[in-house]
J.: 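Pasting in a structure now, in structure tokens, and then I'll have a few things to ask.
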Number of protein chains: 2
Amino acid sequence: MECTSSPGGIIDVPAGSVGYLLARAGGRAIRDLNRALEPYGLRSRHYTVLSASAARGGLSQRQLGGVLGVDPSAVVALVDDLERAGLVKREADPEDRRTRLVTLTERGHTTLARARELAAETDSALLGPLSGTERATLESLLRRIAGPPG
Amino acid sequence: MECTSSPGGIIDVPAGSVGYLLARAGGRAIRDLNRALEPYGLRSRHYTVLSASAARGGLSQRQLGGVLGVDPSAVVALVDDLERAGLVKREADPEDRRTRLVTLTERGHTTLARARELAAETDSALLGPLSGTERATLESLLRRIAGPPG
DNA sequence: TATTGTTATACTCTATAACTATA
DNA sequence: TATAGTTATAGAGTATAACAATA
């Protein structure tokens with residue numbers, strides 16, 4: 001009977017453990033990023049929406065949901081938050097009046113830049129125990145298994 | 001403007017992306033395992049409780065929470081479910097009448113064995129794109145960053 | 001008829017505080 | 001007083017169905 005309080009590491013990992021380790025590390029990554037973004041009134045989901053909108057320049061909400069693997073109804077709430085904070089605008093699509101193109105405001109771009117820094121710092125803290133090449137290896141392996149959204 | 005429907009892979013990953021990839025892969029792992037366990041009326045959290053209880057043989061609920069990184073109040077609900085399903089028992093601790101030792105029933109052991117198989121299959125499916133050595137590398141890297149529970 | 005955005009709803013997960021019985 | 005278990009509750013995340021406007 002050793003280390004029952006376990007304050008230093010993972011002791012009992014179920015067989016079939018890689019999924020468990022992924023879920024645990026992923027949960028930690030989200031919690032850490034949420035904490036870092038808290039002063040800006042944002043959460044990690046807002047950051048991904050902001051980032052995807054900037055990268056594509058005027059995505060519809062349906063496209064946002066597809067790219068990020070988020071349900072369209074959830075996208076509505078996230079864009080609501082960002083619009084209320086003045087970080088994005090919903091603009092009319094001249095080609096289809098059903099869709100609303102999400103674009104970043106100037107303030108949205110500056111906030112995104114700051115959020116990127118915070119995300120990079122959070123990543124560095126999480127990956128602290130790993131060397132540079134090990135981090136690259138991990139990212140490469142994760143990209144191959146993370147698969148499509150959903 | 002390429003692949004806006006993105007049915008084949010992750011296209012727009014925010015900078016500071018390893019955490020994002022971890023969260024995405026971890027979410028997928030949990031969803032897949034939950035789906036596999038559904039016919040048994042269990043979810044992934046039940047499986048970890050079952051597995052940890054078997055490995056240590058008679059853990060208190062407080063210890064379970066510590067080992068798994070789950071809040072004690074959540075442990076109560078999980079053990080309630082498992083006890084109702086006849087998979088675990090709450091036994092009196094002869095040394096401290098406050099604590100209740102969680103142990104597996106015979107049926108709990110057989111169910112755990114089956115759940116282990118399903119978890120291993122789920123892991124294999126998730127890690128399908130990776131070779132054996134790559135899987136080992138991934139697991140090793142994850143163990144170093146997953147850190148203590150919580 | 002199909003699709004976009006939207007609302008409403010529900011269930012899981014997580015986290016916190018407070019209560020009880022024991023220590 | 002401190003701890004183990006428990007209860008209640010609230011928030012975030014996720015998923016589904018249905019509806020209005022538009023295609």
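In what follows, chains are A, B, ... by sequence order, proteins preceding strands, each numbered from 1. Just so you know, these numbers come straight off a predicted model, no measurement behind them.
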J.: Where the side chain of P72(B) is defined as all heavy atoms beyond and including C-beta, which of dT6(D), dT7(C), dT16(D) is the nearest nucleotide?
T.: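 Among dT6(D), dT7(C), dT16(D), the one nearest the side chain of P72(B) is dT6(D).
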J.: Give R100(B) one of three labels, base, sugar-phosphate or nothing, depending on what nucleic acid heavy atoms sit under 4.0 Å from its own.
T.: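 Touches sugar-phosphate only.
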J.: Round to the nearest Å and state the distance from L78(B) atom CG to dT14(C) atom P.
T.: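 Going from CG in L78(B) over to P in dT14(C) covers 9 Å.
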J.: For nucleotides 18-23 of chain D, read 5' to 3', which letter fits each nucleotide if B means a protein heavy atom sits under 4.0 Å from the base, S means only the sugar-phosphate is that close, and - means neither?
T.: ---BBS
J.: Name all residues meeting the side chain to side chain donor-acceptor pair (under 3.5 Å) criterion together with S73(A); count only those two or more places apart in sequence or in a different chain, and write none if there are none.
T.: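 Applying side chain to side chain donor-acceptor pair (under 3.5 Å) to S73(A) gives D71(A).
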J.: Under 4.0 angstrom, heavy atoms only, what part of the nucleic acid is S73(B) near: base, sugar-phosphate, or nothing?
T.: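 Base contact - S73(B) has a heavy atom under 4.0 Å of at least one base atom.
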J.: What I want to check is whether an N or O donor and acceptor connect the side chain of R45(A) with the base of dG13(D) at under 3.5 Å.
T.: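 A donor-acceptor contact between them is absent.
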J.: Could you tell me how far apart R43(A) (CZ) and dA15(C) (P) are, to the nearest whole angstrom?
T.: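 These atoms are roughly 10 Å apart.
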J.: So, E117(B) and R114(B), do they make that salt bridge, N to O below 4.0 Å?
T.: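 Between R114(B) and E117(B) there is a salt bridge, with a charged N closer than 4.0 Å to a carboxylate O.
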J.: Report the distance from atom CG of D80(A) to atom C1' of dA8(C), rounded to the nearest whole Å.
T.: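 After rounding, the reported distance stands at 14 Å.
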J.: How do T99(B) and N34(A) order along DNA chain D: which one's closest nucleotide is nearer the 5' end?
T.: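 Final value for this comparison: T99(B).
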J.: Ignoring backbone atoms, test whether R90(B) places a side-chain nitrogen or oxygen under 4.0 Å from the OP1 or OP2 oxygen of dT6(D).
T.: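 Yes.
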J.: Measure the OG1-CG distance between T111(A) and L104(A) for me, rounded to the nearest 0.5 Å.
T.: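 One finds 8.5 Å between OG1 of T111(A) and CG of L104(A).
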J.: Going by an N to O cut-off under 4.0 Å, is there a salt bridge joining R143(A) and E139(A)?
T.: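 A salt bridge is present here (some side-chain N lies under 4.0 Å from a carboxylate O).
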J.: Of the options dT6(C), dA15(D), dG5(D), whose atoms approach the side-chain atoms of R31(B) most closely?
T.: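 Of the options given, the side chain of R31(B) lies nearest dA15(D).
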J.: Between I145(B) and L138(A), is there a side-chain heavy-atom distance shorter than 4.5 Å?
T.: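 With C-beta onward as the side chain, the pair touches.
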J.: Under the side chain to side chain contact (heavy atoms under 4.5 Å, CB included) rule, collect the residues that match up with A29(B), sequence neighbours excluded.
T.: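 Side chain to side chain contact (heavy atoms under 4.5 Å, CB included) list for A29(B), sorted by chain: L126(B).
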